[in-house]
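Please read the structure below before turning to the comments.
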Amino acid sequence: MAAKTKFRGSFTALVTPFKNGSLDEAAFRSLVNWQISEGTNGLVPVGTTGESPTLSHDEHKKVVEWCIEEAKGRVPVIAGAGSNSTKEAIELAQHAEKAGANAVLVVTPYYNKPTQEGMYQHFKAINDAIGIPIIIYNIPPRSVIDMSVDTMKRLWELKNIAGVKDATASMVRVSQQRAAMGEDFNQLSGEDATIIGYMAHGGHGCISVTSNVAPRLCAEFHAAWAKGDTKAALAIHDKLMPLHNNLFIESNPAPIKYAMSLLGKFDETLRLPMVPVSEPTRAAVRSAMVHAGLIN
């Protein structure tokens with residue numbers, strides 16, 4: 001039986017709080033509970049936004065475990081389990097399954113630039129090693145490679161390939177993927193600013209950076225869309241659009257960590273080579289938060 005998914009709505013690509021150079025467990029657990037209480041539909045720990053490249057494997061596994069423990073089954077958890085080493089990706093995916101994750105998010109291998117066949121074999125090896133659903137994370141701006149619709153269609157035939165986090169920012173791709181794989185292929189946007197177009201093309205939800213700081217508004221957008229209230233959804237989208245833009249003026253997650261600090265959730269500590277945002281970006285993020293009604 002294929003392990004397919006029906007993830008819908010707003011899934012938060014969680015940031016990873018740090019304190020004195022280490023993981024801030026209390027702040028992370030508090031963030032998980034706040035997200036759920038604000039209406040977030042699902043959680044995605046240790047992706048790009050969670051600074052996975054600079055976490056050790058032990059830290060990565062701890063964050064996944066904390067997220068699952070704190071969520072207590074109230075919302076699904078899609079655990080980040082990507083690597084440009086297939087062996088490492090398998091290890092992280094197996095750990096996520098053992099920890100109780102509902103699915104894993106696996107990025108296309110970055111830096112070593114595999115071919116379409118290489119990507120197929122990478123995901124097939126992970127598919128064969130676990131028994132929970134896999135969401136393909138296609139993010140050409142960061143990984144340099146772009147998984148083709150044809151390769152996704154081949155992977156969709158495997159038992160655990162369930163859908164995609166699509167960060168191509170291409171509206172056309174949503175329709176192409178739906179035409180190739182059908183409605184059961186779970187399509188989640190990875191680009192906040194394009195979400196209303198993504199949903200209009202047949203998307204199912206969003207793995208969102210913005211929802212770290214505006215979880216209720218992001219969830220309300222998807223609730224309005226699901227009810228067919230496109231006017232209300234557009235109004236919320238307009239309220240969030242400056243945030244969707246300004247949180248990416250500098251490399252994610254530096255702007256979103258600054259935004260979280262403005263809410264008093266935790267400080268904006270990052271791990272090198274990530275650094276705090278510049279003053280012009282701070283002003284832009286503050287302005288966007290005021291526009292969204294998150295701060296005065």
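One hydrophobic cluster, built from ILVMFWY side chains closer than 4.5 Å, holds both Met152 and Val104. No continuous path of ILVMFWY side-chain contacts below 4.5 Å connects Trp66 to Val44, so the two sit in separate hydrophobic clusters. Taken together through direct or relayed side-chain contacts under 4.5 Å among Ile, Leu, Val, Met, Phe, Trp and Tyr, Val209 and Val32 form part of one hydrophobic cluster. When the side chains of ILVMFWY residues are joined at heavy-atom separations under 4.5 Å, either directly or via intervening members, Ile295 and Leu31 end up in a single hydrophobic cluster. Residues Ile78 and Ile195 are members of separate hydrophobic clusters, defined by side-chain heavy-atom contacts under 4.5 angstrom among Ile, Leu, Val, Met, Phe, Trp and Tyr.
Here the options are Ile139, Leu155, Val164, the test is side chain to side chain contact (heavy atoms under 4.5 Å, CB included), and the partner is Met147; only Leu155 passes. The side chain to side chain contact (heavy atoms under 4.5 Å, CB included) test with Asn138 singles out one residue from Arg173, Met119, Lys165, and that residue is Arg173. Only one option out of Arg216, Lys239, Met199 pairs with Phe221 in a side chain to side chain contact (heavy atoms under 4.5 Å, CB included); it is Met199.
Residues Pro276 and Arg282 are in side-chain contact: their nearest non-hydrogen atoms beyond the backbone lie under 4.5 Å apart. Looking at Phe28 and Cys67, their side chains come closer than 4.5 Å, going by heavy atoms from C-beta outward. The shortest side-chain heavy-atom distance between Thr230 and Leu234 does not fall under the 4.5 Å cut-off. The closest side-chain heavy-atom distance from Asn252 to Arg142 is below 4.5 Å. Inter-residue side-chain proximity for Val75 and Asn41 is flagged as unmet; no heavy-atom pair is nearer than 4.5 Å. Counting heavy atoms from C-beta outward, Ser189 and Ile207 have side chains that stay 4.5 Å or more apart. Contact of the Asp192 side chain with the Leu247 side chain is not registered, since no non-hydrogen atoms from C-beta on lie closer than 4.5 Å. A heavy-atom distance below 4.5 Å is not found between the side chains of Asp24 and Thr269.
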**Message:** Quick one, Leu240 with His291, criterion side-chain contact (heavy atoms from CB on, under 4.5 Å). Give me CA distance, side-chain angles, the key distance, then yes/no.
**Reply:** CA-CA 8 Å; Leu240 288 171; His291 182 85; over 6 Å; no

**Message:** Could you walk me through whether Arg271 and Glu59 satisfy the salt bridge (Lys or Arg N to Asp or Glu O under 4.0 Å) test, starting with their C-alpha distance in whole Å, then the side-chain angles of each, then the deciding distance to 0.1 Å, before giving a yes or no?
**Reply:** CA-CA 13 Å; Arg271 282 190 176 167; Glu59 287 175 327; 2.8 Å; yes

**Prompt:** Step by step, would you call Lys257 with Glu51 a salt bridge (Lys or Arg N to Asp or Glu O under 4.0 Å)?
**Reply:** CA-CA 11 Å; Lys257 278 202 159 176; Glu51 291 177 79; 2.7 Å; yes

**Asked** Would Ser261 and Asp267 satisfy side-chain hydrogen bond (donor to acceptor under 3.5 Å, both in side chains), going step by step from the backbone distance to the final call?
**Response** CA-CA 5 Å; Ser261 76; Asp267 67 32; over 6 Å; no

**Stepwise side-chain hydrogen bond (donor to acceptor under 3.5 Å, both in side chains) check, Asp166 with Thr168** = CA-CA 6 Å; Asp166 185 338; Thr168 62; 2.6 Å; yes

**Request:** May I have the step-by-step check of salt bridge (Lys or Arg N to Asp or Glu O under 4.0 Å) for Glu69 and Arg29, ending in yes or no?
**Result:** CA-CA 9 Å; Glu69 287 168 12; Arg29 288 182 181 271; 2.6 Å; yes

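For the residue pair Ala99 and Ile68, the shortest heavy atom distance occurs at O-CG2, 3.4 Å. Between Ile161 and Asn127, the shortest heavy-atom distance links the atoms N-OD1, 3.9 Å. For the residue pair Ile236 and Leu217, the shortest heavy atom distance occurs at CG2-O, 3.4 Å. In terms of heavy-atom proximity, Val285 sits nearest to Ala259 at CG1-CB, 3.8 Å. When all heavy atoms of Val15 and Pro17 are compared, the closest pair comes out as O-CD, 3.6 Å. Val63 and Leu23 get closest at one heavy-atom pair: CG2-CD1, 3.9 Å.
Within the structure, the ring pair (Phe, Tyr, Trp, His ring centres under 6.0 Å) test picks out the following pairs touching residues 109-158 (sequence neighbours left out): Trp156-Phe185. Applying the ring pair (Phe, Tyr, Trp, His ring centres under 6.0 Å) rule to pairs touching residues 237-280 yields His237-His244, sequence neighbours excluded.
Around atom NZ of Lys72, more than 12 heavy atoms belonging to other residues, nucleotides or ligands sit under 6.0 Å away.
Within the 3.5 Å criterion, the main-chain N or O of Gln187 finds a donor-acceptor partner in the side chain of His204. Although no hydrogens or angles enter the test, the distance criterion places a donor-acceptor pair under 3.5 Å between the side chain of Gln35 and the main chain of Asn212. The backbone N or O of Ile145 lies less than 3.5 Å from a partner atom in the side chain of Ser143, making a donor-acceptor pair.
Ion pairing between Glu157 and Lys124 fails under the 4.0 Å rule for side-chain N and carboxylate O. The pair Glu91-Lys61 meets the salt-bridge criterion, with a side-chain N (NZ, NE, NH1 or NH2) lying under 4.0 Å from an Asp/Glu carboxylate O. Using a 4.0 Å cut-off between charged side-chain N and carboxylate O, Glu183 and Lys6 make no salt bridge.
Scanning for side-chain contact (heavy atoms from CB on, under 4.5 Å) contacts around Ser37 gives Trp34, with sequence neighbours left out. Qualifying side-chain hydrogen bond (donor to acceptor under 3.5 Å, both in side chains) partners for Glu191, counting only residues two or more places apart in sequence or in other chains: none. Listed by chain and number, the residues in a side-chain hydrogen bond (donor to acceptor under 3.5 Å, both in side chains) with Arg154 are Glu117 (sequence neighbours excluded). Scored by the side-chain hydrogen bond (donor to acceptor under 3.5 Å, both in side chains) test, Ser10 finds no partners at all (sequence neighbours excluded).
A donor-acceptor contact closer than 3.5 angstrom links the side chains of Asn33 and Glu70.
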